[in-house]
Amino acid sequence: MPSKCHLVIANPPYTRAGGPGDEKNTVWNPIFGSLLDKRDAEKMKNALRKALDGTAASLYAGLGSAFVVLADEALDIGGRLAFVLPATMLTGSRWAPIRRLLLSKYSVEWVVVSHDLRNRSAKKGLPGRRLVSFSESTRIAEVLIVATRRQHRDRKTSRACFVNLLRNPDEPIEALGLTRKFLALRDGLAPLEPAAIDIGEATWGNAVLVPQADLPLDGGPWSLATFVQPGLALIAKRIALGKHGGLGSVPVAELGAFTDLGPYHMQVRNPKYGLFTVRERPAATGPAEWSLRAGIPALWHHKAGRNTSLAASPDALLERRADRSRSDQDRMLAKSGCLHLAADLGMAPQRVAAVMTDNPMIGVRSWTSVLPRNPAPGKNEALCLWLNSTLGLLLRVIHGNRPYLGRSALPHELARTMPVLDVDRLSNGQLMAAATVYADLKHRELQGFSALVADPVRGEINERLCREVLDIDPEIVAEITRKLALEPTLHARH
DNA sequence: GACACCCATCCTCATGAGCT
DNA sequence: AGCTCATGAGGATGGGTGTC
């Protein structure tokens, strides 16, 4: 790699050292996997790990992060990088050092994200059916980053332009036209004032200019790329800070500030390290018959057709592994809870972002158990209602990873830092009200989040949470609901 | 040793064309 | 009618291994 480069353009490989797992189901495509001799791949990986030591890159995040570091080392002051990267770059915890690198040494000029719902024509015979990706042969959500390496004094005044596209250009001429439009638009933008990107009659999306100093220097998420409507991200930020007009009385805190999370699924059931074996309830076996069977009840999978209401029942049984320490198993079981957060939420098909079980149990893979540190009646119920409401969904989608359009993934680290309703600051009366609302609604059938506006039960959750628990004007939330419901990511299906 | 990241998707099932 | 196979739509998760 030459030094003193002026421009580095890259669409790097995204492969990572770990996973995808389950080799019987997937083609394992590890870094350096094309080397015929596995020992060579191992040597290369070790050399790369050594080379990346102390840099912002992580083999965990994938090779994309390593290529950013490589570009950074090659770029001269004033040089520019232009990268296609996985959209998890915007939020993922392992990408935080890369975000810090870009904010501390560069002017981040463009952050372009597509929210294109269309399917690629089958006739073209190309792999991948989504047009959301800039690259071909993938349906993974992606982001285009353009940044210029600067002297410190020049970074203070720089401003990043976030572009959220409703539609990806279909061919190069369209892309060139769009690029010209971006450049023309940028100069007229006022900071934090979203503007439409129109060419003729066609609306391509929205752009918003952000002072770089307003982006989180600590590595926090770049949330303005989450929605087509940048205004929604701004609303979410105000809610998280307790500064949204009319919602100021809603206490918000990071989930990890007042709860602990249940165990990580690898510790529960990984064949090598897990403490338990898990057996799923067969479809033919009813819940009553299943509960006769010995074993420790647990929540394992998240099925759109089965998890239709706030109340959930166990779908799996844990069995202690004889070759594991009983006290370790008991310690893990002590992390059982009644509230469980959907770890990977497909927003169109799936209907619940959190569920409650009658008895404490462990969420194994699709459900992350949430355990309030100071338990009190009504706390779980209030959180469960919140997470399934418009406000809870909005803050979740903003804060979580978006590995694919239509999906919101919350690994433990992001779940802990996610802003949610601070139930510790609710009065007893509010908690009792939440318990009542939950009891009334817990068996009602919800629709997927794509039906956010039309779903009467979702409407009741919103309405009663506002009126009976939070004491805020439901119309404010209704308006946010209408905006959020328009977002393509709520409607994307694969 | 403990913890948990992220993955350039994969699997299932419905549908329908083509064949016998 | 019944079978096979191709195709596409739609729903979803295990785990190697980096990192502390």
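Keep in mind it's a predicted model, so treat the numbers as computed, not measured. Chain A is the first sequence line, chain B the second, and so forth, proteins listed ahead of strands; every chain is numbered from 1.
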- prompt: So what does A/Arg94 hit on the nucleic acid, given a heavy-atom distance under 4.0 Å: a base, only sugar-phosphate, or nothing?
  reply: sugar-phosphate
Base, sugar-phosphate, or nothing: which does A/His301 touch, judged by heavy atoms less than 4.0 Å apart?
sugar-phosphate
For residues 333-344 of chain A, which side-chain donor-acceptor pairs fall under 3.5 Å, sequence neighbours excluded?
unit_1   : atom_1 : unit_2   : atom_2 : d
A/Ser336 : OG     : A/Leu333 : O      : 2.7
A/His340 : ND1    : A/Ser369 : OG     : 2.9
A/His340 : NE2    : A/Gly337 : O      : 3.2
A/His340 : NE2    : A/Thr357 : OG1    : 3.0
A/Asp344 : OD2    : A/Arg365 : NH1    : 3.1

Whole-Å distance, A/Met332 CE to B/dC3 P, equals 8 Å
Item to check | A/Asn206 (side chain) donor-acceptor with A/Pro230 (main chain) under 3.5 angstrom | outcome: no
Here the distance between atom P of B/dA4 and atom CG of A/Asp260, to the nearest Å, is 11 Å
Whole-Å distance, A/Arg49 CZ to C/dT17 P, equals 10 Å
Angle separating the five-pair end axes of the helix from B/dT9-C/dA12 to B/dT20-C/dA1, nearest 10°, is 10°
Self-check item: Presence of donor-acceptor pair under 3.5 Å, side chain of A/Tyr273 and base of B/dA2
Solution: no
From the candidates C/dG18, C/dG15, B/dT9, the one with an atom nearest any side-chain atom of A/Ile140 is B/dT9
Looking across every strand, which nucleic acid part, if any, lies under 4.0 Å from A/Glu142 by heavy atom: base, sugar-phosphate, or nothing?
base
Among the nucleotides B/dC6, C/dG16, B/dA4, whichever has the atom closest to the side chain of A/Arg416 is B/dA4
From CE of A/Met266 across to P of B/dC6 the rounded distance in Å is 15 Å
Atom CD of A/Gln267 and atom C1' of B/dA4 are separated, to the nearest Å, by 7 Å
